[in-house]
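One structure is given here, and the rest of the page talks about it.
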Amino acid sequence: MSRALILGAALSALFLGAALLSFAWTPADVTGMDIPNRLKPPSADNLLGTDHFGRDILSMIMVGARTSIAVALVAVGIGMGLGVPLGLAAAANAGGLLDELIGRANDLIFAFPSLVIAILITAIFGAGAVNAIIAIGIFNIPVFARLTRGAALSLWTRDFILAARVAGKSRLRISAEHILPNVANLLIVQGTIQFSLGILAEAGLSYVGLGAQPPIPSWGRMLADAQTMVSLAPHVAIMPGLAIVLTVLGLNLLGDGLRDALDPRLKVLRT
Amino acid sequence: MLRYTLKRLASLVLSLIVASAVIFLVVEVAPGDTASFMLGLNAQPDTIAALRAELGLDQPKLTRYVSWVGGMLTGDFGTSYTYRTPVADMIADRLWISLPLALYALTLSTLLAFPAGILAASRRGGAGDVSVMTATQLGVAIPNFWFAMLLVLVFAINLRWFSAGGFPGWDDPVAAVKALTLPAIALALPQAAILARVMRSALIDILGEDFIRTARAKGLTRSQALWRHGLRNAMIPVLTILGLQFAFLLAGAIIIEQVFFLPGLGRLIFQAITQRDLIVVESVVMLLVFAVIIVNFAVDLAYAAVDPRLRSRS
C-alpha cells in the first residue's frame, strides 16, 4: 500500500467519521447561541474557537461535513446511475444513432461552464441542498458516460466478449455481465475524484448563498459568514477552509492511491 | 482542412442553438411571474396584464425565443426589466472587469504552470518533481474563494499592500491592475495546479517516444531534446486544457468577484437573480456559454492546423 493511499484513506475516514459522529454527538450544540463567548480563538473549551454567534466551530464543521458529504455523494450517485448505463449503451451500439446522440448531448453539457449553470438552476428553482445536488449531479452524468463508453469500447474488441457473443448472449447481457465488472475499478477511482469535486462545488454554491440554507451548517456558508470578520478573528475563516482542503486532498489522494493499487494504467478524466 | 472546418462550424452552430434553447426553457419554467414580482403583492390583475404586454411577456414562447436569439445576433440583448436600460450596455460595462480578470488569471496560471510542469517532467522522480506534485495536490484541493480570503488576510489586512476589494475603474490603469491582482492570483492558483500536472504528464509521455530517442542518439542532450522536440508535441493536451480552463476562469470569476466586491458579470448575475430580472440572467449565461463554445472551437481548429492526423479522425 502506498503512502498516498494510507494518508488519503485516513483523511477521508476522519471526515466521514466526524460526519457520522455528529448525528450522535458534537462537542457543543450548533443551534445554541452564546453571544458573550463570540469570536473566541481556539482554546481548551472550544478546540477550534467560536464563531460570531459564539457557536463552537468544531461542532459546526462536524455537522457541516454531513451536508458536504451528503450533497457530493448523491450528486456522484446521480452521475453514475445515469452516466454508466448511457455509456454502456453507447459502446454497445458504437457508431449508431444512439451513440451519436449520447455523444452530442455529452459535448453540449461539457460546453456549459458547470458552475454557471449550477448557479442558474439553484437561483431559479430556489437555493437549497436538493437543487445543489441536482445542479452538481447533472455535470457528473457526461463524465461517467464518456469514461464508461471509452473503457467499454476497448473491451468490446476483446476475445472473451467475442466468446460471449458466439455463445448467443445479447448485447445488454454482455454489457451487464462482462463489461460492467471490468470497468468497475475505473468507476470507483473516477467516483472518488468526482466526489472531491462535488465537495468543492457544494462549498462554492453555499458560499454564494445558493447551497444548503441556514440553520443547516455548511462549510461554504461558514466561510461566507466569516468573510466580514476575517480581520477580527482569522480562525473563523481559516478552520472551515482547512476542513474543505483536507477532505478534498484526502479524497484525491485516495483516488490516486486506489488507481495505483488497482491498475496504474487506468485513464481517469480530469478537468 | 476546409471540410474539417465546415464540419466543426456546423456543430458549433448546432451547439449554440441547443444551448440557447436550453437556457431559454430553464428560465421559462422558473416559478414566479416577472410582472407580478415587479409590481408587488397589491398589484391589480389588469396592471399586471398591462406590464406583461409592455415587456412582451404575453407573446407565445416560440416568438419570444426567436426574437431573443434574433436580437442577440444583432447585438440587441433586450431591455432589463428592472433598470429599463439595454442589457447589452449593462453587460459591456461589467465585461470590462470580468474579461480582463479571466485573462489576467489565465496568464498567471500559464506563467506558473509551464515552468513547473517542465521542471517536474525533466527531473522526474527527483526533488523538483516531488515538490511540484505536492504543490499541485494542494492546489487542486484549495477552494479559490477561500484562498482569496487568505490573500486578503495576508496582503490586504496585515501587510496592506493591496486593497481588500472594490474597483477604482480603468481611468487609472495601474490602480485597476492592482485591484485585479489578488483576485487573479486566487483564480489562477487552482488552474495552474491542473495545468502543471497536464504539462508534466504530457511531456513524460512524449519523452518516451521513439523520435526523442532518435534525437538523443544523434547527440542532443536530454534538455535539448525536451526543448526542441518534446515541448511542441506536448502542447496538444496542454492547449485542450487551456481552452477548458477559460470556461472555469470565467465561471470562477463570478465567485471571486463576490469575495473582492468587484462589480463584474458575477455581481450582475446575482443582482439580476434576486430582482428576478430574468432577461439579464438569460443573456449573461448565454454569453458565458457562447464564450466557452467559441474558445473550444478555436482550440479544435488550432490543433487540427498543427496536427493533420486530427482532421481525418472526426
Side-chain angles (χ1 to χ4, degrees), chain A residues 4 7-8 11 104-105 107-127 193 196-197 199-205 207-210 219-220 223-224 226-227 230-232 234 237-238 240-253 256 270-271, chain B residues 11 14-16 18-19 22-23 26-27 29-32 137-138 140-150 152-153 156-158 164 190 194 197-198 241 244-252 254-255 258-259 266 269-270 272-274 276 278 281-282 284-285 288-293 296:
Chain A
L7 183 62
L11 280 173
R104 290 281 145 220
D107 287 349
L108 190 73
I109 300 184
F110 267 125
F112 281 77
S114 50
L115 196 67
V116 174
I117 303 304
I119 286 170
L120 184 69
I121 291 175
T122 46
I124 284 174
F125 299 105
I193 293 168
S196 80
L197 290 176
I199 289 193
L200 279 177
E202 191 275 338
L205 283 180
Y207 171 75
V208 289
L210 297 173
W219 294 344
L223 286 176
Q227 196 178 337
V230 74
S231 56
L232 293 170
I238 290 170
L242 276 181
I244 299 173
V245 173
L246 291 176
T247 310
V248 173
L249 186 66
L251 286 167
N252 283 339
L253 289 174
D256 289 352
R270 282 187 195 277
T271 47
Chain B
S11 103
L14 191 72
S15 306
L16 287 175
V18 180
V22 170
I23 292 169
V26 167
V27 173
V29 296
Q137 276 289 6
L138 268 177
V140 292
I142 294 177
N144 57 15
F145 59 91
W146 182 62
F147 186 56
M149 288 166 72
L150 296 184
V152 169
L153 184 63
I157 294 170
N158 289 334
I194 298 172
R197 279 187 179 192
V198 173
I241 296 294
L244 278 175
Q245 287 203 330
F246 182 71
F248 284 88
L249 288 172
L250 268 182
I254 290 181
I255 288 193
Q258 299 293 105
V259 183
I269 202 170
F270 280 113
I273 282 166
T274 44
R276 284 218 99 57
L278 295 180
V281 179
E282 260 172 4
V284 175
V285 171
L288 292 174
V289 172
F290 179 76
V292 173
I293 293 179
N296 288 339

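This is a predicted model, so every value here is computed, not measured. So that the names make sense, note that chain A is the first sequence line, chain B the second, and so on, each numbered from 1.
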Pick one of side chain, backbone, both or neither for [X], based on which atoms fall under 4.5 Å of a heavy atom in chain A.
X: B:Leu250; value: neither
X: B:Phe270; value: side chain
X: B:Ile142; value: both
X: B:Val140; value: both

Side chain from CB out, backbone as N, CA, C, O: work out which of these in [X] comes under 4.5 Å of a heavy atom of chain B, or both, or neither.
X: A:Ile199; result: neither
X: A:Leu249; result: both
X: A:Ile238; result: both

Counting heavy-atom pairs under 4.5 Å with chain B, which one of A:Leu242, A:Ile109, A:Thr247 comes out on top?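 Of A:Leu242, A:Ile109, A:Thr247, A:Leu242 has the most heavy-atom pairs under 4.5 Å with chain B.
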Could I get the full list of side-chain hydrogen bond (donor to acceptor under 3.5 Å, both in side chains) partners for B:Glu282, not counting sequence neighbours?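 Counting only residues at least two positions away or on another chain, B:Glu282 forms no side-chain hydrogen bond (donor to acceptor under 3.5 Å, both in side chains).
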Could you tell me which of B:Val292, B:Val259, B:Leu14 has the largest number of non-hydrogen atom pairs under 4.5 Å with chain A?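 Of B:Val292, B:Val259, B:Leu14, B:Val259 has the most heavy-atom pairs under 4.5 Å with chain A.
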How long is the span from the CG atom in A:Leu120 to the CZ atom in A:Phe125, to the nearest 0.5 Å?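 Those atoms lie 8.0 Å apart.
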Is it true that the side chains of A:Tyr207 and B:Gln258 contain a donor and an acceptor less than 3.5 Å apart?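 Looking only at side-chain atoms, B:Gln258 and A:Tyr207 do not form any donor-acceptor pair under 3.5 Å.
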Side chains of A:Val245 and B:Pro143: closer than 4.5 Å at any heavy-atom pair?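 In short, these two side chains touch, coming nearer than 4.5 Å.
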Quick one: does B:Trp146's side chain have a donor or acceptor within less than 3.5 Å of a partner on A:Ala237's backbone?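 Such a contact is found between B:Trp146 side chain and A:Ala237 backbone.
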A:Ala203 versus A:Ile244, closest heavy-atom pair with distance: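 Reported closest heavy-atom pair: CB-CD1, 3.7 Å.
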Report the residues that fulfil side-chain contact (heavy atoms from CB on, under 4.5 Å) with A:Ala105, sequence neighbours left out, ordered by chain and then residue number.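 Testing A:Ala105 for side-chain contact (heavy atoms from CB on, under 4.5 Å), a comparison that skips the adjacent residues, returns none.
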